[in-house]
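Heavy-atom basis, side chains included; hydrogens, waters and symmetry copies ignored.
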Amino acid sequence: MFGLLVQWLLYAIALMVVSKIVPGFYVAGLWPALIASLVIGLLNATLGLLLKIVTFPISILTFGLFLLVINGLMILVASSIVRGFHVSGWIPALWGAVVLALLGVLIRAVTKNS
């Protein structure tokens, strides 16, 4: 349980890092980042999973790169739901998905033992 909370906090911090790196990606502070990371996680677990199943053939053809498009879409949807979290279009959402994927690998490596 504690590991899950640590991962949630680290993903929220990752969202704040992405907002500093990617133009058009805005997070107002830690609370909006925490809520946005929770909403993105819930969207990926529900709608994102359904989209990944439906678009599986496209993902195979693109060697998994289409999954970044789906993750970008989940970020855009979360941006429309969460106050204090704004993404200004597809390109920032796609770059945000790329950076979040890279930071996610780092977070999973750090929290793997906890």
Side-chain angles (χ1 to χ4, degrees):
M1 182 67 174
F2 180 71
L4 188 63
L5 291 175
V6 169
Q7 261 192 335
W8 180 35
L9 178 64
L10 289 175
Y11 275 103
I13 292 170
L15 274 176
M16 293 175 70
V17 168
V18 170
S19 73
K20 300 296 182 194
I21 295 173
V22 177
F25 208 96
Y26 173 75
V27 180
L30 183 60
W31 282 112
L34 283 167
I35 295 168
S37 65
L38 183 66
V39 169
I40 291 170
L42 290 173
L43 284 170
N44 272 329
T46 55
L47 181 61
L49 179 63
L50 180 67
L51 285 174
K52 288 172 187 173
I53 291 170
V54 170
T55 61
F56 182 69
I58 297 170
S59 296
I60 294 295
L61 289 175
T62 61
F63 301 108
L65 291 177
F66 190 73
L67 296 175
L68 292 172
V69 173
I70 294 172
N71 289 339
L73 178 64
M74 297 302 107
I75 290 171
L76 276 176
V77 172
S79 168
S80 67
I81 295 172
V82 179
R83 287 182 185 237
F85 174 60
H86 178 71
V87 181
S88 62
W90 271 101
I91 301 300
L94 190 61
W95 280 112
V98 170
V99 175
L100 276 176
L102 294 172
L103 290 174
V105 168
L106 205 107
I107 290 170
R108 283 187 296 278
V110 167
T111 60
K112 184 172 125 178
N113 295 330
S114 56

**Asked** Hey, is the main chain of L34 close enough, under 3.5 Å, to the side chain of W8 for a donor-acceptor pair?
**Response** yes
One should read off an interatomic distance between S37 OG and M16 CE, to the nearest 0.5 angstrom, of 11.0 Å
Distance col, row I81:CD1 vs I35:CD1, nearest 0.5 angstrom, shows 12.0 Å
Requested in this report: Find out if a path of hydrophobic residues (ILVMFWY) with successive side-chain heavy-atom gaps under 4.5 Å connects L47 to V82.
Outcome: yes
dist L15:CG -> I40:CD1 (nearest 0.5 Å) comes out at 5.0 Å
Linking I/L/V/M/F/W/Y whenever their side-chain heavy atoms sit closer than 4.5 Å, directly or via other members, would L5 and I13 fall into one cluster? yes
Indicate yes or no: at least one non-hydrogen side-chain atom of L73 is less than 4.5 angstrom from one of W90. yes
All heavy atoms of A97 vs all of G72, minimum pair found to be CB-N, 3.8 Å
| query | Is the backbone of I75 close enough, under 3.5 Å, to the side chain of S79 for a donor and an acceptor to pair up by distance? | reply | no
Joint cluster assignment, V69 & W95, ILVMFWY side-chain distance < 4.5 Å
yes
Side-chain heavy atoms nearer than 4.5 Å, only ILVMFWY residues, links allowed to pass through others: does that put I58 and L61 together? no
Per side chain to side chain contact (heavy atoms under 4.5 Å, CB included), N44 is matched among L49, N71, V39, L51 by N71
Here the gap from L94 atom CG to L76 atom CG, rounded to the nearest 0.5 Å, amounts to 9.5 Å
One should read off an interatomic distance between Y11 OH and L38 CG, to the nearest 0.5 angstrom, of 13.5 Å
When every non-hydrogen atom of L42 is compared with those of T46, the smallest separation belongs to O-OG1, 2.8 Å
CZ of R108 to NZ of K112, rounded to nearest 0.5 Å, is 11.5 Å
All heavy atoms of A14 vs all of I107, minimum pair found to be CB-CD1, 4.0 Å
Between G84 and P32 the two heavy atoms that sit nearest each other are O-CB, 3.7 Å
Same cluster (ILVMFWY, side-chain, under 4.5 Å), I21 and L106:
no
Note to self: Side chains of L9 and L30, heavy atoms from C-beta outward: is any pair under 4.5 Å?
What the structure shows: yes
Quick one: does V6's side chain get under 4.5 Å of L10's, heavy atoms only? yes
* To do: Look at atom CH2 of W31 and say whether more than 12 heavy atoms of other residues, nucleotides or ligands are closer to it than 6.0 Å.
  => no
